[in-house]
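Reviewing the structure listed below.
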Amino acid sequence: NDIMIKGIARFVKSNSIAKGLEVCFFEKGTDTNVAKELCRKLDMDTYVQWIPEVPQHELKKYFERCDVAFDQLGDQWIGAGIFSMLTGRPLIANGRPEIFEKITHERSPICQATTEEEVEAWLTKLYTNRQLVKEIGEHSRAYILKHYSLDKTITFFELCFKEAIM
C-alpha cells in the first residue's frame with residue numbers, strides 16, 4: 001500500500017491536481033489503519049474514499065466507474081486486478097513478467113510498477129493521454145479473455161509447481 005499511496009501522492013503533486021480526483025481504497029487487510037495514516041500524512045485523505053471490504057462479485061461496479069485500477073505492487077500474485085482488466089481498465093501492478101511471460105509467451109498489458117516513481121509515471125501517462133487509457137483497457141480485456149479460464153489457470157499452476165520442484 002505504501003508504494004501505491006506514495007506514488008499517487010507524487011502524481012497529485014507533480015501534476016498539480018487540485019480537484020476531480022477520487023481514489024477508492026477498500027478497508028481490507030491488517031495495515032488499513034497504517035494506510036489511512038499515510039494518506040493523512042501525505043495530504044491524500046481529501047481524495048480517498050474508504051470502502052468497506054466487499055465480496056468479489058461486487059467489485060465490478062467499482063471497476064466499471066474507474067479510469068485505472070491497482071493491484072499488488074509487491075511479490076504477491078495478481079488477484080482482483082484480473083477483474084479490472086476484464087472490465088477494460090488499465091491495471092497498475094507488479095505484473096510479474098518473469099513468471100507470466102514465460103507462460104503466455106507474450107507481454108501483458110499491465111502497467112508494470114514496483115516503485116512509487118513507476119506508479120507516478122504511469123498515472124501521469126494515463127492522465128495526459130486519454131487514448132492510452134482506452135487502448136490499454138481494450139488490450140487488457142482481450143489479454144484476460146485469451147489467457148484466463150479455469151483450464152488455463154489449472155495449467156498455469158501445474159507449470160508453476162513443476163518449475164518449483166525441478
Side-chain angles (χ1 to χ4, degrees), residues 1-12 15 17-40 42-74 76-96 100 104 108-114 116 118-154 156-157:
N1 285 343
D2 290 3
I3 295 168
M4 180 176 26
I5 293 167
K6 289 176 182 177
I8 295 168
R10 289 172 61 108
F11 161 76
V12 167
N15 289 282
I17 306 293
K19 61 181 180 175
L21 175 69
E22 180 183 358
V23 179
C24 297
F25 286 139
F26 291 96
E27 292 180 320
K28 178 182 178 208
T30 58
D31 57 351
T32 301
N33 289 333
V34 173
K36 287 180 178 181
E37 181 56 34
L38 182 58
C39 287
R40 281 189 288 277
L42 296 173
D43 294 323
M44 288 286 302
D45 51 333
T46 58
Y47 302 108
V48 176
Q49 176 186 6
W50 289 95
I51 300 165
E53 187 175 358
V54 298
Q56 270 189 339
H57 69 275
E58 289 184 27
L59 289 175
K60 182 179 178 187
K61 68 181 178 184
Y62 293 99
F63 289 132
E64 286 177 338
R65 67 174 236 237
C66 74
D67 292 320
V68 63
F70 288 88
D71 204 348
Q72 302 295 340
L73 297 173
Q76 302 88 344
W77 295 102
I78 292 176
I82 289 173
F83 299 116
S84 68
M85 293 172 74
L86 192 55
T87 59
R89 301 303 181 263
L91 175 67
I92 297 176
N94 179 358
R96 305 296 301 271
F100 288 101
T104 63
S108 82
I110 293 171
C111 304
Q112 178 65 27
T114 58
E116 60 193 70
E118 291 170 331
V119 169
E120 175 193 6
W122 271 112
L123 287 172
T124 299
K125 282 181 199 176
L126 296 168
Y127 178 68
T128 58
N129 185 347
R130 301 303 297 164
Q131 182 61 30
L132 187 60
V133 172
K134 183 178 181 200
E135 289 170 11
I136 293 174
E138 288 172 354
H139 190 201
S140 295
R141 180 169 166 70
Y143 178 86
I144 293 302
L145 290 173
K146 178 179 178 182
H147 294 291
Y148 188 77
S149 70
L150 183 56
D151 290 338
K152 290 176 183 166
T153 301
I154 291 168
F156 168 77
F157 282 110

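- The backbone N or O of Leu86 sits less than 3.5 Å from a side-chain atom of Arg141, completing a donor-acceptor pair.
- The only member of Ser84, Pro109, Cys111 that meets side-chain contact (heavy atoms from CB on, under 4.5 Å) when paired with Pro90 is Cys111.
- Leu123 and Gly7 get closest at one heavy-atom pair: CD1-O, 4.4 Å.
- Here the CG atom belonging to Leu21 is positioned 13.0 Å from the NZ atom belonging to Lys19, to the nearest 0.5 angstrom.
- Separating the NZ atom in Lys36 from the CD1 atom in Ile5 is a distance of 11.0 Å, to the nearest 0.5 Å.
- Using a 4.5 Å heavy-atom cutoff, the side chains of Thr104 and Tyr143 are in contact.
- We find that Glu37 and Arg40 are joined by a salt bridge, their nearest charged nitrogen and carboxylate oxygen being less than 4.0 Å apart.
- Between the CZ atom of Arg89 and the CZ atom of Arg65 there is a distance of 11.5 Å, given to the nearest 0.5 Å.
- Interatomic distance, CG of Asn15 versus OG1 of Thr128, reported as 7.5 Å (0.5 Å rounding).
- Taken from NZ in Lys60 to OG1 in Thr87, the straight-line distance is 8.5 Å, to the nearest 0.5 Å.
- Using a 4.5 Å heavy-atom cutoff, the side chains of Met85 and Ile110 are in contact.
- For the pair Phe70/Val119, a side-chain contact is recorded, criterion being any heavy-atom separation below 4.5 Å from C-beta on.
- Among Asn129, Leu126, Leu91, the one residue that satisfies the side-chain contact (heavy atoms from CB on, under 4.5 Å) test with Ile136 is Leu126.
- Residues Leu59 and Phe26 form a side-chain contact, since some pair of their non-hydrogen atoms from C-beta on lies under 4.5 Å apart.
- One finds the CD atom of Glu120 at 4.5 Å from the CZ atom of Arg10 (value rounded to the nearest 0.5 Å).
- Every ring pair (Phe, Tyr, Trp, His ring centres under 6.0 Å) that Phe11 has, sequence neighbours left out, goes to Tyr127.
- Looking only at side-chain heavy atoms (C-beta outward), Asn94 and Gln112 come within less than 4.5 Å of each other.
- Contact check for Val34 versus Leu38: no side-chain heavy atoms found under the 4.5 Å cut-off.
- In summary, the side chains of Thr114 and Glu118 do present a donor paired with an acceptor at a separation below 3.5 Å, with no hydrogens or angles considered.
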